[in-house]
Asks: 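Let me begin by handing over the structure; questions about it come next.
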Amino acid sequence: MNAGLRTTLTVLAVAVAYYATAKVGLVLALVKGQVTPLWLPTGISVAALLMSGGKIWPGIALGALTANIALDSGPWAVVVITIGNTAAPLAAWYLLTRFGFRPQLDRLKDALLLVFAGALGAMLISALIGSAALKIDGGIPWHEMPAVVAVWWTGDAMGVLVFTPLLLTLPRQWHASPLRLAEACALLIVTAVLAAFVTTSQLRLLFLVFPMLIWAALRFQHAIAAPCAAIISVAAVMSGAGGHLANNDLLATMIVLQAFNGSVALTGLILSAITSERNQAREAIERACEQLAETVARYQEEGVRKRLGKVVPPG
């Protein structure tokens, strides 16, 4: 397959994935049927850019345009929102690559870059542009602007924090023993059941999901911590959209929901990165010790040969 055809297929795949996940995200919208607290397409877009490069940006624009056309907004607003939805992932990709981000997410630096540059920083672009477009189009009054910006921004940021690590870790080949594989499957199942239970129990039991997340990060790093964080966040958003977290008060719901999802994403992301760094340091020390032992053994062997050569008289 030539490079041009591969790029075209990638662009189309990104567009389809963007549109499909946008339709899912809009089911959970909290503001005007358009602004959701967990926007999956941003996570997909940033991950696609990191894996395939900036040349696939037309797929993001096409997916965003087709998703926005279906909304109850004017043509001008649709175009402006599409521009914001495309510009934010591109800005995240540029900032991450500019500062040396590694998709393996095996350093604390990578986790912090994804949080502050890829999510919180770049996603302000789409939030501000999109909210302004809705206001000018007459979709929202002035007094709702702060809430719309907050929901839009945190929704896009959570999409990056929750789904970008998940998509970046999926292509890896993961070799594990049957026992560890069973442990990972059990951990995912327990996390899903526990998340479904605690997110419908108001605020008292939300902390119960964190032991599962910490276990996943320490034992399996991003390979299992990322799916666990995604499961927990989706369950929390569904609970918030259903009015279970703060009695249908939008501001209170957003504060609780985004504080909870942010804590989940940061815990899994940063703890996995720190654990990966620790494992790499341990492996480097082990390799250095092995090399040192081999060097010492070689010198001892050479020393023995030299001594034998001096002791044994010539024939």
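Heavy-atom basis, side chains included; hydrogens, waters and symmetry copies ignored.
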Asks: Show your working on side chain to side chain contact (heavy atoms under 4.5 Å, CB included) between Arg107 and Leu112 and close with a plain yes or no.
Replies: CA-CA 9 Å; Arg107 303 174 300 174; Leu112 294 178; over 6 Å; no

Asks: Can you see which heavy atom on Ser272 is nearest to which on Gln221, and at what distance?
Replies: OG-C, 3.4 Å

Asks: Name all residues meeting the side-chain contact (heavy atoms from CB on, under 4.5 Å) criterion together with Leu128; count only those two or more places apart in sequence or in a different chain, and write none if there are none.
Replies: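 Expected list: Val149.
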
Asks: Could you work out the complete set of other residues in the hydrophobic cluster of Leu218, with links drawn between I, L, V, M, F, W and Y side chains under 4.5 Å apart?
Replies: Ile214, Leu271

Asks: Which Ile, Leu, Val, Met, Phe, Trp or Tyr residues join Ile83 in one cluster when any pair of side-chain heavy atoms under 4.5 Å counts as a link?
Replies: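 For the cluster that includes Ile83, the remaining residues are Val79.
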
Asks: Starting from Met212, can I reach Phe210 by hopping between I/L/V/M/F/W/Y residues whose side chains sit under 4.5 Å apart?
Replies: yes

Asks: Taking only residues two or more places apart in sequence or in another chain, which ones pass side-chain contact (heavy atoms from CB on, under 4.5 Å) with Leu65?
Replies: Ile69, Val78, Thr82

Asks: Would you indicate whether the side-chain heavy atoms of Leu120 and Trp153 approach each other to under 4.5 Å?
Replies: yes

Asks: Under 4.5 Å side-chain heavy-atom separation, chaining through any Ile, Leu, Val, Met, Phe, Trp or Tyr, what else clusters with Leu292? Say none if it is isolated.
Replies: Val296

Asks: Please find the pair of heavy atoms, one from Thr169 and one from Ala226, that lie closest to each other, and give the distance.
Replies: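 Scanning both residues, the minimum pair turns out to be OG1-CB, 4.2 Å.
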
Asks: Quick one: does any side-chain atom of Thr97 pair with a main-chain N or O of Tyr94 as donor and acceptor, under 3.5 Å?
Replies: yes

Asks: Can you hop from Tyr18 to Leu62 via hydrophobic side chains spaced under 4.5 Å?
Replies: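 The answer is no; the residues belong to distinct hydrophobic clusters.
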
Asks: Looking only at heavy atoms, which two atoms of Leu113 and Gly100 are closest? And how far apart?
Replies: CD1-C, 4.5 Å

Asks: Can you give me the closest heavy-atom contact between Leu96 and Ala117, atom names plus distance?
Replies: CD2-CB, 4.4 Å

Asks: Please say yes or no: joined through hydrophobic side-chain contacts below 4.5 Å, possibly via intermediate residues, are Phe99 and Val115 part of one cluster?
Replies: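 In one cluster: yes.
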
Asks: When rounded to the nearest 0.5 angstrom, what distance separates CH2 in Trp39 from CD1 in Ile44?
Replies: 10.0 Å

Asks: So with a 6.0 Å cut-off around CZ of Phe116, is the heavy-atom count from everything else above 12?
Replies: no

Asks: Quick one, Leu134 and Ile81 - any side-chain contact, counting heavy atoms below 4.5 Å?
Replies: yes

Asks: Is a side-chain N or O of Asp110 found less than 3.5 angstrom from the main chain of Arg102, in a donor-acceptor match?
Replies: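 Such a contact is found between Asp110 side chain and Arg102 backbone.
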
Asks: Is the backbone N or O of Ile224 less than 3.5 Å from a side-chain atom of Arg219, with the two atoms forming a donor-acceptor pair by type?
Replies: no

Asks: CE of Met158 to CZ of Phe260: how many Å apart, nearest 0.5 Å?
Replies: 11.5 Å

Asks: Consider side chain to side chain contact (heavy atoms under 4.5 Å, CB included). Of Thr42, Ile60, Asn68, which one does Asn85 pass it with?
Replies: Asn68

Asks: Using side-chain heavy atoms (C-beta onward) and a distance below 4.5 Å, is Trp93 in contact with Ile56?
Replies: no

Asks: Indicate yes or no: at least one non-hydrogen side-chain atom of Val234 is less than 4.5 angstrom from one of Leu38.
Replies: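 Yes, their side chains come closer than 4.5 Å.
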
Asks: How many angstroms lie between atom OG1 of Thr275 and atom CD1 of Ile270, to the nearest 0.5 angstrom?
Replies: 11.5 Å

Asks: Can you list, by chain and residue number, the hydrophobic cluster partners of Leu12 when the side-chain cut-off is 4.5 Å?
Replies: none

Asks: Would you say Val11 and Tyr19 are hydrophobically clustered, going by side-chain heavy atoms of ILVMFWY under 4.5 Å?
Replies: no

Asks: Just verifying a value: how many Å separate Ile129 CD1 and Leu124 CG, rounded to the nearest 0.5 Å?
Replies: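 Reported value, rounded in 0.5 Å steps: 10.5 Å.
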
Asks: Any donor-acceptor pair under 3.5 Å linking the side chain of Ser126 with the backbone of Met123?
Replies: yes

Asks: Working to the nearest 0.5 angstrom, can you tell me the gap between Arg278 CZ and Glu283 CD?
Replies: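 With rounding to 0.5 Å, CZ (Arg278) is 10.5 Å from CD (Glu283).
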
Asks: Side-chain contact, heavy-atom cut-off 4.5 Å: Thr191 with Leu213?
Replies: no

Asks: Roughly how far apart are Phe197 CZ and Leu208 CG, rounded to 0.5 Å?
Replies: 8.0 Å

Asks: Would you name the heavy atoms of Ala184 and Phe220 that are closest together and state the gap between them?
Replies: N-CZ, 3.9 Å

Asks: Would you find more than 12 non-hydrogen atoms of other residues, nucleotides or ligands less than 6.0 Å from Arg98 atom CZ?
Replies: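 No, CZ of Arg98 has 12 or fewer neighbouring heavy atoms, counting only those of other groups under 6.0 Å.
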
Asks: Hey, does the side chain of Ser276 reach the backbone of Asp106 with a donor-acceptor pair shorter than 3.5 angstrom?
Replies: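 Absent.
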
Asks: Could you tell me if the side chain of Arg298 sits less than 4.5 Å from the side chain of Thr295, heavy atoms only?
Replies: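 Heavy-atom side-chain distance check passes, below 4.5 Å.
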
Asks: Shared ILVMFWY cluster between Met51 and Trp57, side chains joined below 4.5 angstrom?
Replies: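 Per the 4.5 Å side-chain linkage, Met51 and Trp57 are co-clustered.
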
Asks: If you take all heavy atoms of Ser233 and Val264, which pair is closest and at what distance?
Replies: OG-CG1, 4.2 Å

